[in-house]
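Residue numbers run from 1 in the order of the sequence given.
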Amino acid sequence: MENRSNSEDRVTQINKVIENYFTKNTDKDWIPAKDIMFDLIEAGVFTKDQKKGLPLRKVLRTLDKEKALNTIPSVHAERTETAVYWYLVREGATFPENEASSTVSKKERSKEVRENSDEFYILDLCDEILKEKASRKHTFSFLFGDMHKKGKTRTKLPLAAFYEGANLVVEFSEKQNQTKEHLEKLDVMTVSGITRGEQIKKYNKRRRDVLEKKEIHFIEIDYSLFECDSKKNLSREKDKDVRLLKSLLDKYIK
């Protein structure tokens, strides 16, 4: 875990790179935060980019949680119910209203929602604890769903995370979506002759059964084990969450 002095040094470096960027690029009043990653890497703030600005987004999320975003004065956060979109704004300039919706692609929006999800947060902590980067949305050549409509092909069933070194699959059970739209989708009939809701239960059982036969360890982590807010989203108290996860993953920790 990064100590406070190192964190403060990194923030100072980031501010310097941002200042230099706007000094050189006089035609820019604001940019998506990911656009400055090249400059941050050149300055040695980060060693490499991941997922178009993830290292910087992680820093900003930590500062946001600590209510310390003001330590990077140029940061502008566009917030929605499911995600935060990060921008950098020149000192004295104004970020144009509703600009986020026109600059963020559907794919980027989906990725941002995924990265902000409770599942992504928990799996990141599992990566740290197990000292291994999981294969996310992992599929095996022996784990399939039911036959498709024409009866010739089947889709591999994805798993939240597979840790090859620990021979372990981790699934995360999030809170149930209770919106009318989602509940109606669960009642839709599938080509298997059962509802979507029944199919989900069937596939979850199949995952467990097949993995057991293949002697691959399986753990399902339920969100309700963790401290949650009034909306049943994880409170994300990292120290507490890590202690709980260590107790669940104890026999797989090297």
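Looking at Asp127 and Tyr163, their side chains come closer than 4.5 Å, going by heavy atoms from C-beta outward. Counting heavy atoms from C-beta on, the side chains of Tyr21 and Leu40 never come closer than 4.5 Å. Here the side chains of Lys254 and Leu130 are not in contact, with every heavy-atom distance at 4.5 Å or above. Here the side chains of Ile36 and Leu88 are in contact, with some heavy-atom distance below 4.5 Å. Taking the side chain as every heavy atom from C-beta outward, Val170 and Phe172 never approach each other to under 4.5 Å. Here the side chains of Glu171 and Ile221 are not in contact, with every heavy-atom distance at 4.5 Å or above. Between Lys34 and Leu56 there is no side-chain heavy-atom pair separated by less than 4.5 Å. Between Lys238 and Lys240, every side-chain heavy-atom pair lies at or beyond the 4.5 Å cut-off.
No side-chain donor from either of Asn233 and Tyr223 sits under 3.5 Å from a side-chain acceptor of the other. Side-chain N/O atoms of Gln199 and Arg196 include a donor and acceptor closer than 3.5 Å.
Without hydrogens or angle criteria, Asp146 side chain to Tyr203 main chain gives no donor-acceptor distance under 3.5 Å. In this structure a side-chain-to-backbone donor-acceptor pair under 3.5 Å is missing from Ser135 to His138. Proximity of a side-chain donor or acceptor of Glu132 to a complementary backbone N or O of Gly165 within less than 3.5 Å is detected.
Between the OG1 atom in Thr94 and the CG atom in Asp29 there is a gap of 8.5 Å [rounded to 0.5 Å]. Asp35 CG to Lys52 NZ: the interatomic distance, rounded to the nearest 0.5 Å, is 10.0 Å. Interatomic distance, CD of Glu174 versus CG of Leu234, reported as 8.5 Å (0.5 Å rounding). Between the CG atom in Leu60 and the CZ atom in Arg57 there is a gap of 9.5 Å [rounded to 0.5 Å]. The OG1 atom of Thr71 sits 13.0 Å away from atom CZ of Arg10, with the distance rounded to the nearest 0.5 Å. Rounding to the nearest 0.5 Å gives a distance of 3.5 Å between CD1 of Ile18 and OG of Ser74.
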May I have the step-by-step check of side chain to side chain contact (heavy atoms under 4.5 Å, CB included) for Glu227 and Asp241, ending in yes or no? CA-CA 8 Å; Glu227 197 170 307; Asp241 296 341; 5.5 Å; no

Could you walk me through whether Val59 and Phe46 satisfy the side chain to side chain contact (heavy atoms under 4.5 Å, CB included) test, starting with their C-alpha distance in whole Å, then the side-chain angles of each, then the deciding distance to 0.1 Å, before giving a yes or no? CA-CA 11 Å; Val59 171; Phe46 302 111; 4.0 Å; yes

Going through the checks in order, is the salt bridge (charged side-chain N to carboxylate O under 4.0 Å, His left out) test met by Asp239 and Arg243? CA-CA 6 Å; Asp239 290 342; Arg243 283 197 296 271; 5.5 Å; no

Go through it in stages, so that I can follow the logic: the residues are Ile216 and Leu168, the test is side chain to side chain contact (heavy atoms under 4.5 Å, CB included), and I'd like the CA-CA distance, side-chain angles, deciding distance and then a yes or no. CA-CA 6 Å; Ile216 296 173; Leu168 172 69; over 6 Å; no

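By the 30° and 60° cut-offs, the orientation of the rings of His217 relative to Tyr252 is tilted. A tilted orientation is assigned to the rings of Phe95 and Tyr87, their planes being inclined by 30° to 60°.
Residues Asp124 and Lys133 share a closest heavy-atom pair of OD1-NZ, 4.3 Å. Summarising the geometry of Asp222 relative to Ser224, their closest heavy-atom pair is OD1-OG, 2.6 Å, with the distance given to 0.1 Å. Contact record, Val242 with Ile129: O-CD1, 3.9 Å, taken as the closest heavy-atom pair. Across Trp86 and Asp64, no two heavy atoms sit closer than the pair CH2-OD2, 3.8 Å. Of all non-hydrogen atoms in Gly193 and Met189, the two that sit nearest each other are O-CE, 3.3 Å. Nearest heavy-atom pair across Pro73 and Asn15 is CD-OD1, 3.6 Å.
Both Phe22 and Ile41 belong to a common hydrophobic cluster when Ile, Leu, Val, Met, Phe, Trp and Tyr are linked at side-chain heavy-atom distances under 4.5 angstrom. Cluster membership for Leu123 and Leu244, using ILVMFWY side-chain heavy atoms within less than 4.5 angstrom, is shared. No chain of hydrophobic side-chain contacts below 4.5 Å, direct or via other Ile, Leu, Val, Met, Phe, Trp or Tyr residues, connects Phe140 to Ile219. Residue Ile122 is not grouped with residue Leu159 when hydrophobic side chains (ILVMFWY) are merged at heavy-atom distances under 4.5 angstrom, including chains of intermediate members. Under the 4.5 Å side-chain heavy-atom criterion for ILVMFWY residues, a single connected hydrophobic cluster contains both Leu225 and Leu125.
Residue Phe38 places its CZ atom among 12 or fewer non-hydrogen atoms of other residues, nucleotides or ligands, all under 6.0 Å distant. At most 12 heavy atoms of other shown residues, nucleotides or ligands fall within 6.0 angstrom of atom CD in Glu212. Other residues, nucleotides and ligands place no more than 12 heavy atoms under 6.0 Å from the NZ atom of Lys28. A 6.0 Å sphere centred on CD of Glu164 holds no more than 12 heavy atoms belonging to other residues, nucleotides or ligands.
Annotation: cation-pi geometry satisfied between Lys214 and Phe142 (NZ/CZ under 6.0 angstrom from ring centroid, within 45° of ring axis). Geometrically, Arg136 does not engage Phe162 in a cation-pi contact, judged by NZ or CZ lying under 6.0 Å from the ring centre and within 45° of the ring axis. For the pair Arg236 and Tyr121, the cation sits on the ring face: its NZ or CZ lies under 6.0 Å from the ring centre, inside 45° of the axis.
Shown here are the salt bridge (charged side-chain N to carboxylate O under 4.0 Å, His left out) partners of Lys24, two or more places apart in sequence or in another chain: Asp39.
A side chain to side chain contact (heavy atoms under 4.5 Å, CB included) with Asn204 is found for exactly one of Lys201, Arg207, Arg206, namely Arg207.
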